[in-house]
Amino acid sequence: MTETQLTEQEIIRREALKKLRELGIDPYPPEEYPVTAYSDEILSQYDPEKNNFQDVSLAGRIMSRRIMGNASFIELQDSHGRIQAYFRRDDICPGEDKTMYNTVFKKLLDIGDIIGIKGHVFKTKMGETTVWVKEFKLLAKSLRPLPIVKEKDGKVYDAFTDPEQRYRNRSLDLIVNPEVKEIFIKRTKIVNTMREFLNAHGYLEVETPILQPIYGGAAARPFKTHHYRLDQTLYLRIANELYLKRIIVGGFDGVYEFAKDFRNEGLDRFHNPEFTQMEIYVAYKDYYWMMDFFEEMIEKVALALHGTTRVKHGDRVIDFKRPWKRLTMFDAIKEHAGVDISNMDEDELRATAEKLGIETDPSMGKGKLIDEIFGETTEPHLIQPTIIMDYPIEMSPLSKKHRSKPGLVERFEVIVNGKELANSFSELNDPIDQRERFEQQLLLGKRGDEEAMVLDEDFLKALELGMPPTAGLGVGIDRLTMLMTGAHSIQDVIFFPQMRPEKKVVIDPKEKFLELGIPEEWVPVIQGLGFSTVASLREVKPGKLFNDITSYNKKHKLGLKNPTQEEVKAWVEKAAAV
RNA sequence: GAUCCAGUAGCUCAGUUGGUAGAGCACAUCCCUUUUAAGGAUGGGGUCCAGGGUUCGAGGCCCUGCUGGAUCACCA
């Protein structure tokens with residue numbers, strides 16, 4: 001990037017950087033800076049009576065400055081919060097030389113710079129707990145201006161809110177929007193609470209392949225890639241279910257994985273192409289056991305996060321206190337759509353769906369039709385945590401046939417706030433049955449269902465060795481985090497959500513301009529005028545370019561010797577010839 | 001993929017029937033030794049998302065595109 005393409009404020013900061021170096025100050029010092037206190041502990045524990053925190057050392061970012069001649073206040077933001085600090089010229093500079101205060105602090109430091117401060121804590125006249133700074137040290141110079149967010153009486157002014165900029169520049173978002181940080185701290189707390197709960201049960205955290213030769217365990221369009229040494233097509237996993245079950249076959253009683261899964265589908269506020277699921281499989285259990293287990297785990301998460309099972313989400317309160325409501329799928333549909341579909345065949349289901357205003361197409365089998373009816377009429381109404389159980393066999397190729405209800409499987413989903421949170425079943429462990437189910441899926445695939453599962457011979461081989469009766473469950477961590485934090489969009493719970501690439505301005509290197517005979521000092525000027533490529537000079541009229549160049553020189557007080565009209569004409573002609 | 005909305009200074013936003021681009025914060029220079037959305041004075045800063053079109057003249061009108069958001073569709 002050339003100097004002329006920087007903004008005024010960026011140039012000023014780069015000049016400050018130079019001046020700091022001239023004063024012998026390293027703007028990026030290598031050595032550690034010992035921190036002895038954090039903003040939040042000082043604010044909560046400082047007591048003038050006790051006279052504590054009289055020798056503290058903090059490090060953080062300057063977020064605002066209020067300079068009053070020979071005394072100043074700044075707000076310092078460390079990883080825990082913000083605290084005010086007081087700088088007085090004669091404390092910073094006890095001797096004759098006032099450079100550290102007058103020049104370094106007042107002129108060369110900026111909002112956004114990272115500094116370390118040493119001093120003692122006191123309360124100002126206004127009663128604000130403040131660090132009285134005796135010495136400070138620049139730890140890292142910031143070269144870009146920060147959006148300035150101000151606040152008074154809880155009202156925020158000029159908040160940095162543009163979602164596009166926030167997601168593309170998450171670092172900046174985290175610096176200026178403290179509530180964003182909170183969400184991610186909570187996300188980790190959710191994961192940690194779950195992990196502790198799972199470990200306390202003695203289950204083993206494992207890792208399974210992300211690159212899979214056959215994708216399975218869910219119905220979704222995969223990302224496809226290629227390994228060149230093996231000359232083999234590989235897929236990014238859409239789920240890890242089939243691998244975890246193979247580990248159960250191997251003799252572990254309980255295994256789980258927090259897994260990044262990838263699905264090549266649309267993006268919206270509930271879907272990101274890569275997302276996180278926790279899947280767990282426990283031997284010798286069934287889906288009833290898993291219902292209790294999951295309720296207990298999620299209740300624990302809510303308590304760990306909020307100290308209560310009642311969680312605010314928008315203008316709703318969701319109560320995770322167990323036990324949750326349990327309904328069979330057919331009963332739920334009966335309740336919300338007013339139709340009993342439990343004994344319908346495919347044609348009757350199709351007619352019912354049409355009557356309910358649901359579009360159908362010939363590729364849809366019985367399972368898909370029931371799923372559509374449920375999704376359309378019932379799911380959005382389930383706000384409080386609800387367990388929907390006993391799904392039709394056609395839509396659940398990996399789960400075990402129901403012990404007493406023909407045509408159904410032992411499967412449940414947990415619906416919260418109208419969205420699926422978790423999916424679980426008594427795992428199908430009959431290898432012959434499993435092979436038939438896969439073959440059913442192949443038929444659906446032939447009918448045009450793009451998401452029908454593929455037959456995984458290696459998985460079947462494992463099942464044929466004998467898998468104990470097993471309960472399995474998958475829970476979406478992103479959606480759980482949204483629920484627990486009240487986040488509106490999945491982009492708010494993923495640090496770096498998928499975005500379309502930003503359009504980059506193509507800039508030719510300086511050398512290409514030099515080849516036209518343009519003197520080096522004029523290259524940034526021409527680029528600054530918007531001619532970022534040599535090709536862009538082809539169309540311009542030499543006279544106009546000459547005018548633009550000379551007036552730019554004058555306007556920006558560059559003090560360069562103007563080229564002649566003939567010289568400019570020659571540049572343009574040469575550009576046209578390239 | 002469809003519809004609607006938005007894109008103007010580093011940030012948040014104004015910009016009237018088409019007529020020389022504005023504010024607050026930030027930045028620069030100066031004043032100010034307990035301020036807190038600090039205050040006071042002065043000043044600089046713009047490819048009005050991009051490309052076409054209409055017009056004597058476009059930030060504003062028309063067309064196309066790009067990016068984002070919302071809703072819908074898709075997505076266990």
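Chain letters run A, B, ... following the sequence lines, proteins first and then strands; every chain starts at 1.
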Nearest-Å distance, [atom1] ([X]) to [atom2] ([N])?
X         : N      : atom1 : atom2 : result
Arg168(A) : C66(B) : CZ    : P     : 14 Å
Ile373(A) : A76(B) : CD1   : C1'   : 15 Å
Glu420(A) : A76(B) : CD    : P     : 9 Å
Asn264(A) : G1(B)  : CG    : C1'   : 15 Å
Gln441(A) : A76(B) : CD    : C1'   : 12 Å
Leu398(A) : A76(B) : CG    : P     : 14 Å
Tyr86(A)  : U34(B) : OH    : P     : 6 Å
Leu146(A) : A26(B) : CG    : P     : 13 Å

### Message
Run the salt bridge (Lys or Arg N to Asp or Glu O under 4.0 Å) test against Lys141(A) and tell me which residues pass, sequence neighbours left out.
### Response
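Partners of Lys141(A) under the salt bridge (Lys or Arg N to Asp or Glu O under 4.0 Å) test: Asp110(A), Asp113(A).
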### Task
May I ask you to say what Met453(A) touches in the nucleic acid, namely base, sugar-phosphate or nothing, with a heavy-atom cut-off under 4.0 Å?
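Touches a base.
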### Task
Identify whether any heavy atom of Asp90(A) sits under 4.0 Å from a base atom; if not, whether one sits that close to sugar-phosphate; answer base, sugar-phosphate or nothing.
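If one applies the 4.0 Å heavy-atom cut-off, Asp90(A) turns out to touch a base.
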### side chain to side chain donor-acceptor pair (under 3.5 Å) against Lys405(A), all qualifying residues, sequence neighbours excluded
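Per chain and number, Lys405(A) pairs via side chain to side chain donor-acceptor pair (under 3.5 Å) with Asp390(A).
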### Under the side chain to side chain donor-acceptor pair (under 3.5 Å) test, residues paired with Arg61(A) that sit two or more places apart
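Arg61(A): no side chain to side chain donor-acceptor pair (under 3.5 Å) contacts found.
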Output a table of donor-acceptor pairs, distance under 3.5 Å, between side-chain atoms of residues 146-153 of chain A and any protein atom two or more places apart or on a different chain; print 'none' if there are none.
none

### Task
Go through the structure and list residues passing ring-ring contact (aromatic ring centres under 6.0 Å, His included) with Tyr281(A), not counting sequence neighbours.
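Per chain and number, Tyr281(A) pairs via ring-ring contact (aromatic ring centres under 6.0 Å, His included) with no residue.
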### Those residues that, when tested against Tyr101(A), pass ring-ring contact (aromatic ring centres under 6.0 Å, His included) (two or more places apart)
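Only Phe105(A) meet the ring-ring contact (aromatic ring centres under 6.0 Å, His included) criterion with Tyr101(A).
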[X] vs [N]: side-chain N/O to OP1/OP2 distance below 4.0 Å:
X         : N      : answer
Arg500(A) : G68(B) : yes
Lys123(A) : U36(B) : no
Lys368(A) : A76(B) : yes

Sort out the partner of [N] for me: Watson-Crick or G-U wobble, both distances under 3.5 Å, none otherwise.
N      : answer
C27(B) : G43(B)
A14(B) : none
U35(B) : none
U71(B) : A2(B)
A9(B)  : none
C48(B) : none

Protein-nucleic acid N or O pairs under 3.5 Å, nucleotides 37-44 of chain B:
| from | atom 1 | to | atom 2 | distance (Å) |
| --- | --- | --- | --- | --- |
| A37(B) | O4' | Glu151(A) | O | 3.4 |
| A38(B) | OP1 | Lys150(A) | NZ | 2.4 |
| A38(B) | OP2 | Arg66(A) | NH1 | 2.8 |
| A38(B) | N6 | Ile67(A) | O | 2.8 |
| G44(B) | O2' | Glu8(A) | OE2 | 3.3 |
| G44(B) | N2 | Glu8(A) | OE1 | 2.5 |
| G44(B) | N3 | Glu8(A) | OE1 | 3.2 |

### Task
Report the residue (Ala219(A) or Lys125(A)) whose heavy-atom-nearest nucleotide on RNA chain B is the more 5′ of the two.
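Residue closer to the 5' terminus by nearest nucleotide: Lys125(A).
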### Along RNA chain B (nearest heavy atom to each residue), the more 5'-positioned of Phe122(A) and Gln165(A)
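On the 5' side of the pair lies Gln165(A).
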Inspect the contact between [Y] and [X] and indicate whether a charged nitrogen and a carboxylate oxygen are less than 4.0 angstrom apart.
X         : Y         : value
Glu22(A)  : Lys18(A)  : no
Asp91(A)  : Lys134(A) : no
Asp371(A) : Lys368(A) : no
Glu15(A)  : Lys19(A)  : no
Lys325(A) : Glu335(A) : yes
Glu410(A) : Lys400(A) : no

### Message
Can you see whether Asp492(A) engages Ser489(A) through a side-chain donor-acceptor pair at a distance of less than 3.5 angstrom?
### Response
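Side-chain D/A pair, Asp492(A) to Ser489(A): absent.
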### Query
When you check the side-chain N and O atoms of Gln277(A) and Arg237(A), is any donor under 3.5 Å from an acceptor?
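Result is no, nothing qualifies.
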Spacing of the [atom1] atoms in [M] and [N] (rounded, Å):
N      : M      : atom1 : value
A50(B) : G68(B) : C1'   : 15 Å
U17(B) : A73(B) : C1'   : 41 Å
A6(B)  : G10(B) : P     : 22 Å
U8(B)  : A58(B) : C1'   : 14 Å
C74(B) : G15(B) : P     : 39 Å
G45(B) : A26(B) : C1'   : 11 Å
C11(B) : C49(B) : P     : 13 Å
A21(B) : U3(B)  : P     : 35 Å

#### Entry: Nucleotide nearest Phe160(A) (side chain, heavy atoms from C-beta), chosen from A28(B), U35(B), C11(B)
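The nucleotide sitting nearest to the side chain is C11(B).
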### Message
Closest approach to the side chain of Ala71(A), judged atom by atom: which nucleotide of U33(B), A26(B), A76(B) is it?
### Response
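Nearest to the side chain of Ala71(A) among the choices is U33(B).
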Under 3.5 Å, sequence neighbours excluded: what are the donor-acceptor pairs made by side chains of residues 473-480 of chain A?
| from | atom 1 | to | atom 2 | distance (Å) |
| --- | --- | --- | --- | --- |
| Asp478(A) | OD1 | Arg187(A) | NH1 | 2.9 |
| Asp478(A) | OD1 | Arg187(A) | NH2 | 3.1 |
| Asp478(A) | OD2 | Thr276(A) | N | 2.7 |
| Arg479(A) | NH1 | Glu420(A) | O | 3.2 |
| Arg479(A) | NH2 | His271(A) | NE2 | 3.4 |

Considering only nitrogen or oxygen atoms on both sides, find all protein atoms under 3.5 Å from nucleotides 3-9 of chain B and state each distance.
none

### Task
Classify the glycosidic conformation of G60(B) as syn or anti, calling it syn when the angle lies within 90° of 0.
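You should classify G60(B) as syn.
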Pairs under 3.5 Å (N/O, protein and nucleotides 13-15 of chain B):
none

Polar atoms only, N or O, under 3.5 Å: list the protein pairs with nucleotides 69-73 of chain B and their distances.
| from | atom 1 | to | atom 2 | distance (Å) |
| --- | --- | --- | --- | --- |
| G69(B) | OP1 | Gln491(A) | OE1 | 3.1 |
| G69(B) | OP1 | Gln491(A) | NE2 | 3.1 |

### Any side-chain heavy-atom pair of Leu108(A) and Leu23(A) under 4.5 Å
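They are in contact (side-chain heavy atoms under 4.5 Å apart), so the answer is yes.
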### Message
Taking ring pair (Phe, Tyr, Trp, His ring centres under 6.0 Å) as the cut-off, I'd like each qualifying pair that reaches into residues 149-180 of chain A, sequence neighbours left out, listed once.
### Response
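Residue pairs with at least one partner in residues 149-180 of chain A: there are none.
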